[in-house]
Amino acid sequence: MLSPDLIDSLFPADLPGPEHWEKRYPPRDLPPGAQVTRFGPSPTGYLHIGGVYVAMVDADLALHSGGAYLLRIEDTDQARLTEGATEQFADGLTYFTISPTEDDLSGHYGPYVQSSRAEIYLSYVRELLRRDRAYLDFATKADLQDITAKQRAAGALPGYYGKWAIWRDASEDQVREKLLAGEPYVVRFRSPGLSGGRVSYTDAIRGELSADDNRNDAVILKSSDQPLRLPTYHFAHAVDDHLMRISLVVRSDEWLSSVPLHLQLFDALGFDRVQYAHVAPLMKQDGSSRRKLSKRKDPEASVGFFIEQGYPAEAVQYYLRGLANGRLAELPLPEALATPIELSGFNAAGPLVDLVKLDDISADYVATLPADAIMGQVATWAEAYDPALAEVLAAEPDLARRVLDIERVDVPNPRKDLRRWADFRPVYGYFFPQIFVPVTDPADDRFGGLAPDLVRQVASAFADQYQAPGPDVEWFNQIRELATQLGFAPNAKTYKKDPEAYPGSIREASQVIRVLLTGSGRSPDLAQVAGALGVDEVLRRIRAVV
RNA sequence: GGUCCCGUCGUCUAGUGGCCCAGGACGCCGCCCUCUCAAGGCGGUAACGCCGGUUCGACUCCGGUCGGGACUACCA
């Protein structure tokens, strides 16, 4: 055990003791059952959709229990900090309307950035040192590698524990000598774990869990050669979650195996243990197996993907909530968003994220929106991600409105052709001559393999006798007539009966017109499209291929 | 290697011993509607990983096994 003098000489003379922090951050005065939660992203990269998932759960639990939810930036790894990450977190969480109930401006439990809490951690490290629950470790990287190698050779478990913990029982003289020589050190927790010991605890999602007790003397304070002395995740977790008076820690299940250590830390520090809820991470199918959604490999792992594609926040939230609690997926969207997420409703296994399902949800959601709302959202999105489209929209707001109204207003089944705002250009862009690219190649794939000659014939026959839609015009008759003349079957059924007798049915013929007019195989009612375009533009597009 | 977690249709899941030769949703396929694409309506497809045990009875309980995943850092 180190002498008090030596220990104190390691810290600022005016460093307050734990009682100071205890007083400064008193227990919260909250109604019974209120949950205090936190989301603690590490600004070492961009926000992961799994982060949004967990943050959403945190915020929802706090909201519905009358508690508090806070965002804590966990930047103890100063070496891996990424420029702009904190701002990106804020943007991403804002997009999904997940906002903390307290922050540096309004909260009493800050600062909410770990690098600003260095002094607090130091107080508790010193306390542990004074009580001999921690010790100084001067092992170098080479020492550590050496230990690992020997353990491997001996078939022992890896780690810094027992007889392998070379500084665990070092004498004060040894420590003084190293200190004098200016050698850097870390502070390690003196684990009370015994060989063969077991721990058990209750996880709010998984129930009773047990594991081998922790025996590893984990590092709690990083190297003394760093300008800012910060703790490791484990120690910061214990100190912060206690002092911020967090009642429930919701985190990804990769932390499950660290729980024994965390429990020891809470106990050694004299803190009440927190309740844990370990959620399974979002997964991705990879060949025949599945793995955690990876930021490196999967574009949809990044929150940016959803924002850039312009997925409506409500649709993504609805999808994520359904993943969290299956029964929410059975509810209509408004109810699902309003119904509290329950810890007991989680599945212990990690779900695969299914973009096809999200698309379906999103299309359904957009179909419920009035044209005005869609216009506003598309315009906002386009300003950031498709400036040319934004310009066109701003120049022709009336056209844009009319376009969005087609088959959306006063119809029993509104079109479901918009899943994300990025769909606007491929789905409706052709209405705007400024951004429309005419189809000029009769062999274009979009014609579905119809003979190029026939494509040309359809186009020129159509153009030659074209009549704009009007009160006295049966617009589609034009197509029907030319289709008959060119030998197309009058309907799909007739064609199906004898496919050899026709080049195709009226369906194929009208698809030629559709593709020429819109550049797409999918569009609203052709007569309405033609009407919106005007005679000149219709003819220009049809003749582009002749 | 060790420890821990997980395992129902392709996917998300319902199911807490008989209501299940397993229900819903998405997907896919087909049919219908329709002058054309969608949308919509109707129908179909498809699963309890495997082996034992407990029980009158097991998707549900127990054991094993296989498979998948996480952790095993001065990363979080």
For A:Q511 and for A:Y185, find the nucleotide of RNA chain B with the closest heavy atom, then tell me which residue's nucleotide is more 5'.
A:Q511

Measure from NZ or CZ of A:R273 to the centre of the six-membered ring of A:Y201, then state whether that distance is under 6.0 Å and the direction lies within 45° of the axis.
no

Once you apply a heavy-atom cut-off of 4.0 Å, does A:L526 come out as touching a base, just sugar-phosphate, or nothing?
base

What interatomic distance, in whole Å, is found between P of B:rU54 and the corresponding atom of B:rC62?
15 Å

Without decimals, in angstroms, what is the distance between A:K357 NZ and B:rG10 C1'?
13 Å

Record whether the side chain of A:R514 comes under 3.5 Å of the base of B:rU36 through a donor-acceptor pair of N or O atoms.
yes

Suppose we define a pair by two distances each less than 3.5 Å, Watson-Crick or G-U wobble; what does B:rC9 pair with here?
none

To the nearest Å, give me how far apart CG (A:L418) and C1' (B:rA39) are.
13 Å

Of all the nucleotides listed (B:rC5, B:rG7, B:rU36), which has the minimum atom distance to the side chain of A:D525?
B:rU36

What is the separation between atom CG on A:L516 and atom C1' on B:rC37, rounded to the nearest whole Å?
14 Å

Classify A:R446 by what it touches in the nucleic acid, base, sugar-phosphate, or nothing, heavy-atom distance under 4.0 Å.
nothing

Between B:rU13 and B:rG49 - P atom distance, rounded Å
15 Å

Is the shortest side-chain N/O distance from A:R198 to OP1 or OP2 of B:rC4 below 4.0 Å?
yes

Are there more than 12 heavy atoms of other residues, nucleotides or ligands under 6.0 Å from atom OH of A:Y46?
no

Quote, to the nearest angstrom, the P distance that separates B:rA73 from B:rU65.
27 Å

Touch check for A:S223, heavy atoms < 4.0 angstrom, all strands: base, sugar-phosphate only, or nothing?
base

Any pair with a residue in residues 198-208 of chain A that passes salt bridge (charged side-chain N to carboxylate O under 4.0 Å, His left out), sequence neighbours left out, goes on the list, sorted by first then second residue, please.
A:R198-A:D212, A:R206-A:D253

Should we count CD of A:E474 as having more than 12 external heavy atoms under 6.0 Å?
no

Same-atom distance (P) from B:rG63 to B:rA25, integer angstrom:
36 Å

Side-chain atoms of A:D354 come closest, of B:rA76, B:rU11, B:rA39, to B:rU11

Should A:R408 and A:D417 count as an ion pair when the cut-off is N to O under 4.0 Å?
yes

Looking only at B:rU36, B:rU11, B:rC71, the nucleotide nearest the A:K292 side chain is B:rC71

Contact class for A:T76 (heavy atom, under 4.0 Å): base, sugar-phosphate, or nothing?
sugar-phosphate

Indicate whether the side chain of A:Q264 and that of A:D213 have a donor and an acceptor atom separated by less than 3.5 Å.
yes

Tell me the interatomic distance from A:R408, atom CZ, to B:rC37, atom P, rounded to whole angstroms.
20 Å

Base, sugar-phosphate or nothing for A:E254? Non-hydrogen atoms, less than 4.0 Å.
base

With a 3.5 Å cut-off and just heavy-atom distances, do the side chain of A:R327 and the base of B:rC12 make a donor-acceptor pair?
no

Side chain of A:P351 - closest among B:rU13, B:rU11, B:rC75:
B:rU13

Ring centres under 6.0 Å, that's the criterion: do A:F266 and A:H237 meet it?
yes

Quick note, A:E407 side chain, CB onward, closest among B:rC37, B:rA76, B:rG7 is B:rC37

In whole Å, what separates the P atom of B:rC29 from that of B:rA38?
11 Å

Please report the distance, rounded to the nearest Å, between CH2 in A:W255 and C1' in B:rA76.
4 Å

Students often get this wrong, so: under 4.0 angstrom with heavy atoms, is A:P41 touching a base, only sugar-phosphate, or nothing?
nothing

Separation of A:R290 atom CZ from B:rG67 atom C1', in whole Å?
12 Å

Should B:rA70 form a Watson-Crick or G-U wobble pair with both distances under 3.5 Å, which nucleotide is its partner?
B:rU3

Is the distance between the ring centroids of A:Y185 and A:F138 under 6.0 Å?
yes

Counting Watson-Crick and G-U wobble pairs only, both distances under 3.5 Å, name the nucleotide matched with B:rC56, or none.
B:rG18

Closest to the A:D360 side chain: B:rC37, B:rU3, B:rC26?
B:rC26

So A:S210, base contact, sugar-phosphate only, or nothing? Heavy-atom distance under 4.0 Å.
sugar-phosphate

So what does A:A349 hit on the nucleic acid, given a heavy-atom distance under 4.0 Å: a base, only sugar-phosphate, or nothing?
sugar-phosphate

Testing B:rA70, B:rC74, B:rA38 for proximity to the side chain of A:V186, the answer is B:rC74

Tell me if the CD atom of A:E335 is crowded by more than 12 foreign heavy atoms within 6.0 Å.
yes

Considering only the C1' atoms, how many Å lie between B:rA22 and B:rG18, rounded to the nearest integer?
13 Å

Give a yes/no on whether any side-chain N or O of A:K284 is located under 4.0 angstrom from OP1 or OP2 of B:rG68.
no

A:D77 has a side chain; which of B:rA76, B:rU11, B:rC74 sits nearest to it?
B:rA76

My understanding is that a pair needs two contacts under 3.5 Å, Watson-Crick or G-U wobble. By that rule, which nucleotide pairs with B:rC42?
B:rG30

So which one's nearest nucleotide on RNA chain B is more toward 5', A:P281 or A:K141?
A:P281

Under 4.0 Å, counting only non-hydrogen atoms across every strand here, what does A:R206 touch: a base, just sugar-phosphate, or nothing?
sugar-phosphate

Rounding to an integer number of Å, can you tell me how far A:M283 CE sits from B:rC6 C1'?
9 Å

CA sep, side-chain torsions, deciding dist, call: A:L454, A:F488, side-chain contact (heavy atoms from CB on, under 4.5 Å):
CA-CA 10 Å; A:L454 206 50; A:F488 285 90; 3.7 Å; yes

B:rU72 and B:rC26, which share atom name P, separated by this distance in whole Å
41 Å

Nearest-Å distance for atom pair CD1/C1', residues A:I205 and B:rC4:
16 Å

Taking a pair as Watson-Crick or G-U wobble with both distances under 3.5 Å, which nucleotide is matched to B:rU36?
none

Compare the minimum distances between each of B:rA14, B:rA39, B:rC12 and the side chain of A:N347, then state the nucleotide with the smallest one.
B:rA14

What's the closest nucleotide to the A:V219 side chain, out of B:rA39, B:rC74, B:rU36?
B:rC74

When the C1' atoms of B:rG2 and B:rG17 are compared, how many Å lie between them, rounded to an integer?
36 Å

Mate of B:rG49 across any strand shown (Watson-Crick or G-U wobble, both atom pairs under 3.5 Å) is B:rU65

